[in-house]
Amino acid sequence: MGGVNPAGRTSGHQAFRRTVLDALPTEDQARTLLGLAAMMRLASGQEDGSWQNAEGHTLDPDAIVEQTRQQVLDHTLIRRIEDPRFNAEGLPANRRASLALDAPLTFRIQRRQLPQDLPATWQVRELDRKLLEVTVPAGEMDVMLPEHRPAQVRAAGQLPSGFEPSQLYRSVHHPRGLSMAIFAASDCLGDSGLDWDALRDRLDPDEVAVYAGNSIGQLDDEGWGGLLKSFVSGKRATSKQMPLGYGQMPADFLNAYVLGSVGGTGAAMGACASFLYNLRLGVDDLRAGRRRVVMVGTADAPVTPEIIEGFRTMGALADDDSLRALDALQLLTDADYQRACRPFARNCGFTIAESSQFVMLMDDALALEVGAEILGSVPDVFVNADGWKRSISAPGIGNYITLGKAASLVREMLGEQALRRRTFVQAHGTSTPKNRVTESHVFDLVARAYGIEAWPVVAVKSFVGHSQGSAAGDQLTSALGSFAHGLLPGIPTLDAVADDVHAERLRLSRDAMPFAADAAFINAKGFGGNNATGVLLSPDVTERLLVQRHGEAAVAAWQVRREATREAAAAYRQQADQGRFAPRYRFGEGVLEGPELTLSDTELQIPGYARPVSLAVNNPFGRLEE
């Protein structure tokens with residue numbers, strides 16, 4: 001797994017450890033804070049093992065942690081939006097106005113700035129080659145007056161301050177989400193401990209797939225955001241904005257610049273359930289035997305004025321007025337913004353966030369063969385729509401089906417007691433009043449049906465906010481952290497469970513708690529009725545299933561091969577913890593256009609790929625005699 005969100009880097013469970021920081025041993029706390037300080041450019045690890053602070057002074061690691069601790073805590077997770085436009089200056093905007101001119105108005109203007117299509121009553125006189133004089137007659141004149149509007153939403157889950165993925169590789173006008181995808185996929189490869197080129201050479205190139213996207217495309221200025229407002233803002237559209245804005249572009253970037261894959265590709269969009277939609281594509285491919293390795297992920301960067309305003313006008317976001325009213329405050333402080341997201345408590349809306357998360361899926365036989373580190377397994381992902389609805393954004397009934405089926409699968413695989421006592425739910429948990437009621441009712445009804453009496457519920461959005469299509473990726477990687485550390489993150493903003501939450505059979509905790517889990521349910525409820533629940537099995541359970549399928553000797557041999565993988569992964573994480581990142585970005589390398597290929601009626605040989613692409617296909621339709 002790999003990625004980045006407001007809690008930090010995904011590999012090595014760094015982001016997870018940030019969410020359970022106070023429950024960790026002192027040594028793990030220090031390691032987490034030191035790694036985040038390096039990521040945020042507050043410190044840097046040197047090749048000789050020493051450390052320097054931001055001023056270049058050599059200090060021991062404990063001193064670095066002591067010096068940067070508060071800054072790391074204050075500038076990770078949900079917090080006041082750090083984009084200066086959202087603060088005192090305000091958001092740049094324009095206001096339509098009609099000027100009543102009592103007398104003709106004369107002004108001078110550069111020739112290149114004058115619109116081509118002028119009103120017939122305007123008079124233009126040339127002063128020189130570059131300068132014109134324009135006279136507008138008395139009467140009404142429609143204009144756009146520039147202004148700055150105070151931001152009404154000032155809280156968001158942002159990547160750790162000082163971390164800019166676009167600065168880590170040769171990025172040229174890449175939208176933020178795509179830069180995050182490059183980093184996240186590279187982090188995933190590093191965390192795997194496997195050499196990607198060597199792994200690819202073992203396979204038919206068509207046995208690899210990438211399913212990655214996001215929920216709303218790239219809507220910052222480098223993508224469709226800049227394109228769509230180019231005319232009204234008086235700026236020129238660029239040749240990159242249109243293609244780089246597409247929602248499937250994270251997959252395209254991985255194929256072209258990270259993996260060099262010619263295998264399956266695509267993106268499934270399902271609003272807030274998009275990560276699970278893509279995960280299901282990967283799982284289905286592996287189960288059907290179409291692919292053997294699949295990279296699945298999402299990358300969303302929606303912390304922009306326009307997207308925030310869109311969600312605010314829907315009444316979906318926790319804006320400043322609502323937060324003040326919720327706590328009867330006159331003024332919001334930084335501490336209040338850090339508490340903006342309150343799943344299953346008294347709340348007023350979700351908190352938008354940015355994140356990119358990727359996981360590498362592999363069929364079990366190949367995982368054993370290459371000595372892969374197995375963090376867990378995904379037996380299935382269930383997706384259902386809501387059916388008839390009053391409003392496209394209102395909750396519906398599909399989530400009862402997805403979670404009910406997921407619980408049934410776990411009971412069939414692991415047994416009644418495992419489902420009841422050793423599973424937990426990673427809730428969608430958006431922090432809206434409707435979600436706290438409807439999602440808790442889904443949990444309650446399923447718990448009653450399966451005899452679950454105290455179902456632990458985790459809501460990671462209370463730490464990192466709602467990253468739209470990447471939200472379930474945040475949940476899944478957090479659940480993998482829970483398996484590794486035996487801890488469930490609490491809901492720190494849960495001062496009290498709201499009265500309308502169906503909590504009788506749920507276990508909602510403000511503090512992190514120890515828990516030995518066999519399985520987790522990754523739940524997502526997206527706008528428009530996009531419901532999904534993924535089943536995630538622990539590494540211990542997965543290993544027991546592998547023994548059952550492949551035998552003890554095969555698993556023992558895998559454990560031996562895994563040692564080299566672990567050493568390589570540990571070396572990568574050590575570099576990353578010191579702030580030394582080198583994302584895999586191969587622009588313009590090995591480009592092929594067709595004439596270089598060798599094609600027969602059975603296979604396609606591609607230069608640079610060790611094995612040919614087999615053209616053999618399965619035909620389940622029968623054959624007509626010639």
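Taking 4.0 Å as the cut-off between side-chain N and carboxylate O, Arg339 and Asp495 count as a salt-bridged pair. Salt bridge present: Asp363 and Arg292 bring a charged side-chain N and a carboxylate O closer than 4.0 Å. In this structure, Arg422 does not pair ionically with Asp540, as no charged nitrogen and carboxylate oxygen lie closer than 4.0 Å. For the pair Arg346 and Asp499, the salt-bridge criterion is not met [side-chain N within less than 4.0 Å of a carboxylate O]. Residues Asp74 and Arg79 are not paired through a salt bridge, judged by the lack of any N-O separation under 4.0 Å between the basic side chain and the carboxylate.
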Could you go through the side chain to side chain contact (heavy atoms under 4.5 Å, CB included) check for His485 and Phe16 one step at a time?
CA-CA 9 Å; His485 287 270; Phe16 172 80; 3.8 Å; yes
Determine, step by step, whether Leu281 and Val296 satisfy the side chain to side chain contact (heavy atoms under 4.5 Å, CB included) criterion, reporting the C-alpha distance in whole Å, the side-chain angles of both residues, the deciding distance to 0.1 Å, and the verdict.
CA-CA 9 Å; Leu281 291 177; Val296 168; over 6 Å; no
For Arg290 and Asp285: C-alpha separation, side-chain torsions, deciding distance, then whether salt bridge (charged side-chain N to carboxylate O under 4.0 Å, His left out) applies.
CA-CA 5 Å; Arg290 286 187 294 267; Asp285 265 9; 2.8 Å; yes
May I have the step-by-step check of side chain to side chain contact (heavy atoms under 4.5 Å, CB included) for Phe183 and Ser356, ending in yes or no?
CA-CA 9 Å; Phe183 175 84; Ser356 181; over 6 Å; no
Is there a salt bridge (charged side-chain N to carboxylate O under 4.0 Å, His left out) between Asp336 and Arg324? Walk through the geometry before answering.
CA-CA 9 Å; Asp336 296 315; Arg324 281 194 293 266; over 6 Å; no
Applying side chain to side chain contact (heavy atoms under 4.5 Å, CB included) to Gln475 and Val458, what does each step give before you reach the verdict?
CA-CA 9 Å; Gln475 293 164 244; Val458 175; over 6 Å; no
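Closest non-hydrogen pair, Met269 versus Asn214, comes out as CG-O, 3.4 Å. Of all non-hydrogen atoms in Thr333 and Arg80, the two that sit nearest each other are C-NH2, 4.3 Å. Residue Ser431 comes nearest to Asn435 through the heavy atom pair N-OD1, 4.4 Å, listed as atom of the first residue, atom of the second, then distance. Nearest heavy atoms, Asp320 versus Tyr337: OD2-OH, 2.8 Å. Taking all atoms of both residues into account, the shortest heavy-atom contact from Ala472 to Ile522 is O-CG2, 3.8 Å. Residues Leu537 and Ala519 come closest through the heavy atom pair CD2-CB, 3.8 Å.
Side-chain contact between Val535 and Val410 is present, with heavy atoms from C-beta onward closer than 4.5 Å. Counting heavy atoms from C-beta on, the side chains of Thr402 and Asn399 come closer than 4.5 Å. A 4.5 Å side-chain heavy-atom check between Phe463 and Pro492 finds at least one atom pair inside the cut-off. Within the 4.5 Å cutoff, the side chain of Ile452 has heavy atoms near those of the Arg420 side chain. For the pair Leu480/Leu536, a side-chain contact is recorded, criterion being any heavy-atom separation below 4.5 Å from C-beta on. Annotation: side chain of His75 is not in contact with side chain of Gln158 (no heavy-atom distance under 4.5 Å). At least one side-chain heavy atom of Leu279 sits under 4.5 Å from a side-chain heavy atom of Leu361. Proximity of Glu543 to Trp558: side-chain heavy atoms (C-beta onward) are separated by under 4.5 Å at one or more points.
Of the possible polar contacts, one joining the Thr493 side chain to the Cys341 backbone as a donor-acceptor pair under 3.5 Å is found. Under the 3.5 Å distance criterion, the side-chain polar atoms of Asp191 are matched with a main-chain donor or acceptor of Gly12. Under the 3.5 Å distance criterion, the side-chain polar atoms of Ser538 are matched with a main-chain donor or acceptor of Val541. Panel note: side chain Arg18, backbone Leu73; a donor-acceptor pair is recorded below 3.5 Å. For the pair Lys461 (side chain) and His428 (backbone), a donor-acceptor distance under 3.5 Å is present. No donor-acceptor distance shorter than 3.5 angstrom exists from the side chain of Thr565 to the backbone of Glu373, with no hydrogens or angles considered. Not one N or O on the side chain of Asn531 forms a donor-acceptor pair closer than 3.5 Å with the backbone of Lys525. The main-chain N or O of Leu487 is found under 3.5 Å from a side-chain atom of Ser482 such that the two form a donor-acceptor pair. Of the possible polar contacts, one joining the Thr477 side chain to the Gly473 backbone as a donor-acceptor pair under 3.5 Å is found. One N or O on the side chain of Arg436 and one on the backbone of Ala345 form a donor-acceptor pair closer than 3.5 Å.
Taking CE of Met360 as the reference point, atom CG of Leu375 lies at 10.5 Å (rounded to 0.5 Å). Atom-to-atom distance recorded for Glu412:CD and Leu419:CG is 10.5 Å, nearest 0.5 angstrom. Interatomic distance, CE of Met40 versus OG of Ser161, reported as 5.0 Å (0.5 Å rounding). With rounding to the nearest 0.5 angstrom, the CG atom of Leu159 is 10.0 Å from the CD atom of Glu82. In this structure, OG1 in Thr313 is found 11.0 Å from CG in Asp319, a value given to the nearest 0.5 Å. One distance of note links CG of Leu506 with CD of Glu439; it measures 10.0 Å at 0.5 Å rounding.
Among the candidates Phe515, Tyr450, Phe521, the single residue satisfying the ring-ring contact (aromatic ring centres under 6.0 Å, His included) test with Trp455 is Phe521.
Around the CD atom of Glu416, the shell of radius 6.0 Å holds more than 12 heavy atoms that belong to other residues, nucleotides or ligands. The neighbour count for Arg549 CZ, taken as heavy atoms of other residues, nucleotides or ligands under 6.0 Å away, does not exceed 12. Atom NZ of Lys434 sits in a sparse spot, with 12 or fewer heavy atoms from other residues, nucleotides or ligands closer than 6.0 Å. The environment of CZ in Arg448 is crowded: more than 12 heavy-atom neighbours from other residues, nucleotides or ligands sit within 6.0 Å. Counting non-hydrogen atoms of other residues, nucleotides and ligands closer than 6.0 Å to CD of Glu563 gives a total above 12. Heavy atoms from other residues, nucleotides or ligands lying under 6.0 Å from CD of Glu453 number 12 at most.
In this pair, Phe527 and Phe311 present their aromatic rings parallel. The plane angle is below 30°, not in the 30 to 60° band.
With 3.5 Å as the limit, one finds no donor-acceptor pair spanning the side chains of Asp321 and Gln152. Judged by distance alone, the side chains of Thr533 and Asn523 do bring a donor and an acceptor atom under 3.5 Å apart. Residues Tyr572 and Asp187 have side chains that bring a donor and an acceptor to within less than 3.5 angstrom of each other. In the model, Thr298 has no side-chain atom that pairs as donor or acceptor with a side-chain atom of Asn278 under 3.5 Å. Under the 3.5 Å distance criterion, with hydrogens and angles disregarded, no donor-acceptor pair is assigned to the side chains of Asp300 and Ser467. For the residue pair Asp474/Ser355, the side-chain donor-acceptor check at 3.5 Å is satisfied.
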